[in-house]
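Comments concern the structure below.
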Amino acid sequence: MLRTFLSITLCCLLFSTVHAYNPDDERYIDNLMSKMSLDEKIGQLNLTMGGDVVSGTAEAAKIESLILKGQIGGFFNVKGVDAVARFQHLAVEKGPHGIPLLVGADVVHGYATVFPIPLALSCSWDSAAVAQMARISAIEATADGVNWNYSPMVDICRDPRWGRVAESSGEDTYLGSVLAKAYVEGYQGNDMKSDSSMMACVKHFALYGAAEGGRDYNGVDMSRERMYNYYLPPFHATVEAGVGSLMTSFNLINGQHATACDWLINGILRRDWKFNGFVVTDYGSVDELSRMGIAHDNEAAAMALRAGTDMDMVTGRYVADLNDALKKGLLTEKMIDDACRRVLKAKQRLGLFDNPYKYCNTDRVNHDLYTPEHRAVARDIAAETFVLLKNDNNLLPLKKKGRIALIGPLADAGNNMAGCWSGYCYPESHKSVLTAFREAVGNEAEIIYSQGSNIYYNETMQADCDWGRRISRVDDSSAHSEALLAASKADVVVVAMGESCEMTGESSSRADITIPDTQRDLLKKLVATGKPIVLLLFTGRPLILDWESENIPSILNVWFGGSEASDAIADVVFGDKMPCGKLTTTFPRSVGQIPLYYNHLPTSHPDHDSSRFNPYCSNYIDVSNEPLYPFGFGLSYTTFSYSAPTLSSDVLTADGVLKISVEVTNTGMFDGTEIVQLYINDPVAHIARPVKELKAFKKVDIPAGKTAVVDFTVTSDMLKYYDAELNYGCEPGEFSIMIGPNSEELQKLDFRLR
Ligand code: NOJ
């Protein structure tokens with residue numbers, strides 16, 4: 001303790017003599033930069049990757065040598081505060097000018113305590129919960145040395161084949177923007193100088209969620225009107241919330257690489273939105289420019305920097321090529337200075353020049369990680385994210401009595417509960433659903449367990465997506481038989497099936513998004529027994545559930561709920577907590593309908609009855625246009641009825657407000673929570689507008705038998721959009737406003753904007 005204190009004091013003294021100005025002052029950066037060589041400035045633009053860096057290894061030696069040469073501005077994914085502290089001390093005490101390092105990590109939905117995957121979190125429609133999860137993530141990650149976080153991921157996703165839909169907030173721009181802001185506020189806290197705040201890095205700029213065919217790393221071709229109206233606003237929301245940094249994306253945008261898009265980074269981000277943070281590439285993107293035929297090898301770095309990308313993640317090309325590129329006239333020295341200044345300012349914003357060791361308190365790690373308090377919050381939030389898709393005859397909640405068969409490859413797989421991007425947790429110590437169920441029922445009921453099947457029949461396919469979170473292999477045929485035997489002894493069968501946790505996330509696109517083969521076969525056999533069946537669906541994306549929705553009485557979508565998922569599942573299955581989540585992505589009936597999203601544009605030959613085929617209408621011969629489960633949909637154990645809504649006036653003026661009100665009554669037996677949704681449609685505009693767009697929502701607790709009055713304020717801002725010339729505004733005329741429990745069951749009223 002005393003040693004740490006002395007070393008901090010010494011270091012601050014060292015700093016104050018070397019750099020005369022207050023570390024918060026702009027002149028501090030001027031003064032520092034005036035002493036830096038061109039190569040040292042370029043060094044600040046280099047980001048290298050760590051891993052489990054242990055002293056004396058080649059990886060550690062590489063980082064140490066970069067630090068000593070002043071060729072590194074930061075590193076990422078180095079695990080553990082001890083390693084971080086070692087490198088930070090080296091940088092400050094032995095590196096040129098003693099400049100502290102950024103320490104990055106992907107803390108996407110929790111650190112040691114893991115919360116549900118972001119797609120699940122979005123289904124809570126609860127920005128306070130998201131902000132709380134981000135705050136706890138920041139407390140834990142900063143205790144372990146991290147000061148810069150590669151989250152939130154705010155890509156809008158309309159294609160569930162893309163694995164990274166799991167990391168997103170779903171398909172909606174408005175909800176995505178509200179939650180994007182909450183992430184940033186939670187990570188960065190009220191004061192980024194606090195020891196428990198880390199700088200957020202919003203990603204991936206931009207349009208990555210629209211990768212063609214849902215295939216990861218594929219290109220995007222998109223109109224400006226679409227990107228401005230739907231894909232860019234969540235990024236803008238984080239800029240307005242003061243996000244400190246931004247990561248570019250891997251994809252092509254209309255033939256240009258996102259990392260080298262001047263109009264996007266220098267233009268929209270910096271000029272139009274006034275973003276004053278710094279921009280980092282995604283992993284290896286500078287090399288992609290030459291690989292994709294956009295730049296010659298040694299010109300790629302110049303191209304990215306010219307477009308406004310300040311920091312190069314892992315390729316080392318800025319360090320290798322920028323100096324030469326400058327000599328060739330491919331960029332100016334000012335561009336390097338500007339980028340270096342932005343990186344140094346980020347360090348200043350984090351308070352690293354005041355105290356470079358603020359994230360190196362090796363004591364905190366013993367107290368702040370995976371605490372009972374954090375885990376209790378994670379358990380509560382997880383329960384909020386589950387979506388009850390079906391519940392015939394109120395099969396759920398289950399009573400804690402009799403014999404309950406728990407079957408499926410995810411039933412005793414605690415290591416799979418955390419979901420993708422959970423590299424800093426302890427998956428082997430996470431409780432399985434089986435253990436949680438046994439603890440929940442105690443002696444009151446018997447839980448009969450059978451694994452029942454593998455994830456896939458094909459062992460290689462299963463291994464390809466287990467990424468170290470292995471689920472035991474069994475012989476499918478005998479496992480199916482054992483499961484049927486278990487079911488035959490039970491009063492009710494709970495099936496834990498779906499995707500294993502790494503089947504979504506980066507590099508996890510799927511073309512067939514059904515429940516994998518052996519599991520679905522087993523499910524069919526279990527249904528044939530005639531026993532009542534509850535499906536606990538594990539997934540990181542919408543799945544095609546056409547058969548399941550017809551044949552399984554109860555389906556509870558539990559996504560991947562994090563380290564405390566199993567207890568949260570038991571809480572909801574046995575009725576200690578109510579399910580209240582609602583979908584933030586549309587569940588299609590068939591892969592052939594994709595992309596299928598609720599806020600689509602009108603079609604030229606619309607269908608009068610889109611649930612069946614009509615010639616010369618925009619529909620398919622073999623499947624209806626309707627989703628299986630629409631955006632905004634989710635049931636509860638209780639029921640809600642909506643009164644006819646009322647509007648305060650049928651005329652809205654440009655600077656006026658309207659109030660829309662609806663009475664929502666809890667008509668069931670349990671206290672519950674309802675997410676009331678408000679949509680708007682502009683039937684005639686400069687350009688065709690979506691059939692409906694979410695513009696507001698409220699989450700309300702309503703006791704059984706009680707009624708809540710839910711009000712929304714409508715302003716003309718909610719009616720604005722970008723037209724084909726990218727003018728932003730709204731036009732006088734008729735509008736419809738719709739209110740209801742999901743994007744399909746809506747009651748409509750009309751008003752006029754004057
Ligand atoms: C690649 C991913 O696309 C990005 O989201 C992540 O932050 C970086 N790798 C760093 O791990």
Side-chain angles (χ1 to χ4, degrees), residues 46-53 59 63 72-79 84 102-111 117-119 134 137 141 144-157 162-169 180 183-184 187 198-211 214-220 234-235 238 243-253 257-259 277-289 291-292 304 309-316 419-425 467-468 502 504-509 540:
N46 189 32
L47 175 68
T48 199
M49 155 111 154
D52 280 315
V53 190
E59 199 54 49
I63 296 180
I72 184 175
F75 53 76
F76 70 105
N77 289 356
V78 164
K79 273 195 189 169
V84 168
L102 290 172
V103 180
D106 288 281
V107 186
V108 172
H109 53 112
Y111 192 76
I117 54 170
L119 182 61
S137 303
D144 211 11
V146 175
N147 56 36
W148 180 32
N149 184 23
Y150 306 144
S151 174
M153 190 276 219
V154 303
D155 297 311
I156 293 296
C157 308
W162 192 48
R164 303 199 78 169
V165 69
E167 298 171 52
S168 80
S169 290
Y183 276 99
V184 173
Y187 293 139
M198 54 188 176
M199 182 170 282
C201 181
V202 60
K203 64 190 190 186
H204 307 85
F205 200 58
L207 319 185
Y208 187 23
R215 185 153 51 85
D216 211 358
Y217 317 125
N218 210 356
V220 176
F235 289 95
T238 64
V243 70
S245 63
L246 171 143
M247 188 186 293
T248 61
S249 54
F250 290 130
N251 49 284
L252 291 179
I253 301 177
H257 195 293
T259 300
F278 77 100
V279 175
V280 62
T281 71
D282 201 344
Y283 197 104
S285 284
V286 176
D287 275 342
E288 289 160 11
L289 297 183
R291 197 176 317 133
M292 294 164 99
T309 301
D310 303 311
M311 191 178 240
D312 162 30
M313 190 190 286
V314 304
T315 72
C420 58
W421 288 110
S422 54
Y424 297 97
C425 66
W467 294 40
E502 295 289 0
T504 44
E506 187 176 348
S507 180
S508 301
S509 297

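Indexing begins at 1, ligand by ligand and atom by atom, following the structure's order.
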How long is the straight-line distance from OG of Ser507 back to OH of Tyr217, given to the nearest 0.5 Å?
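Answer for the OH-OG pair, Tyr217 versus Ser507, is 4.5 Å.
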
First locate atom CZ of Phe235, then atom CG of Asp155, and finally report the distance between them rounded to the nearest 0.5 Å.
4.5 Å

For [atom], what is the nearest protein heavy atom, given as residue, atom name and distance?
atom	result
atom 1 (C) of ligand 1	Asp282 OD1, 2.9 Å
atom 5 (O) of ligand 1	His204 NE2, 2.7 Å
atom 10 (C) of ligand 1	Asp106 OD2, 3.2 Å

Counting each atom of ligand 1 from 1 as listed, which ones have a heavy atom of [X] under 4.0 Å away?
X	answer
Phe76	10 (C), 11 (O)
Phe250	1 (C), 3 (O)
Lys203	4 (C), 5 (O), 6 (C), 7 (O)
Tyr150	7 (O)

Non-hydrogen atoms of Tyr424 and Ala105 that approach each other most closely
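Nearest pair, atom of Tyr424 first, then Ala105: OH-CB, 3.4 Å.
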
Under a heavy-atom criterion of less than 4.0 Å, does Met153 contact ligand 1?
no

Would you say Glu288 and Phe250 make side-chain contact, with heavy atoms under 4.5 Å?
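Yes, their side chains come closer than 4.5 Å.
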
Short question: side chain of Ser249, backbone of Ala206 - any donor-acceptor pair under 3.5 Å?
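Here the side-chain-to-backbone pair exists.
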
For ligand 1 and Trp421, I'd like to know whether there is a polar contact (N/O to N/O, distance under 3.5 Å).
no

Tell me every residue that passes side chain to side chain contact (heavy atoms under 4.5 Å, CB included) with Pro118, counting only those two or more places apart in sequence or in another chain.
Val108, His109, Tyr183

Which part of Glu167 is near ligand 1, with near meaning a heavy atom under 4.0 Å away: side chain, backbone, both or neither?
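Looking at Glu167 and ligand 1, no heavy atom falls under 4.0 Å.
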
Met49 contact mode with ligand 1 (heavy-atom cut-off under 4.0 Å)
neither

Please evaluate residues Tyr208 and Trp162 with respect to the criterion ring-ring contact (aromatic ring centres under 6.0 Å, His included), reporting the C-alpha separation (whole Å), side-chain torsions for both, the decisive distance (0.1 Å), and the verdict.
CA-CA 10 Å; Tyr208 187 23; Trp162 192 48; 4.8 Å; yes

Could you work out, with salt bridge (charged side-chain N to carboxylate O under 4.0 Å, His left out) as the rule, every residue matching Asp310, not counting sequence neighbours?
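Scan of Asp310 (salt bridge (charged side-chain N to carboxylate O under 4.0 Å, His left out), adjacent residues dropped) gives Arg270, Arg342.
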
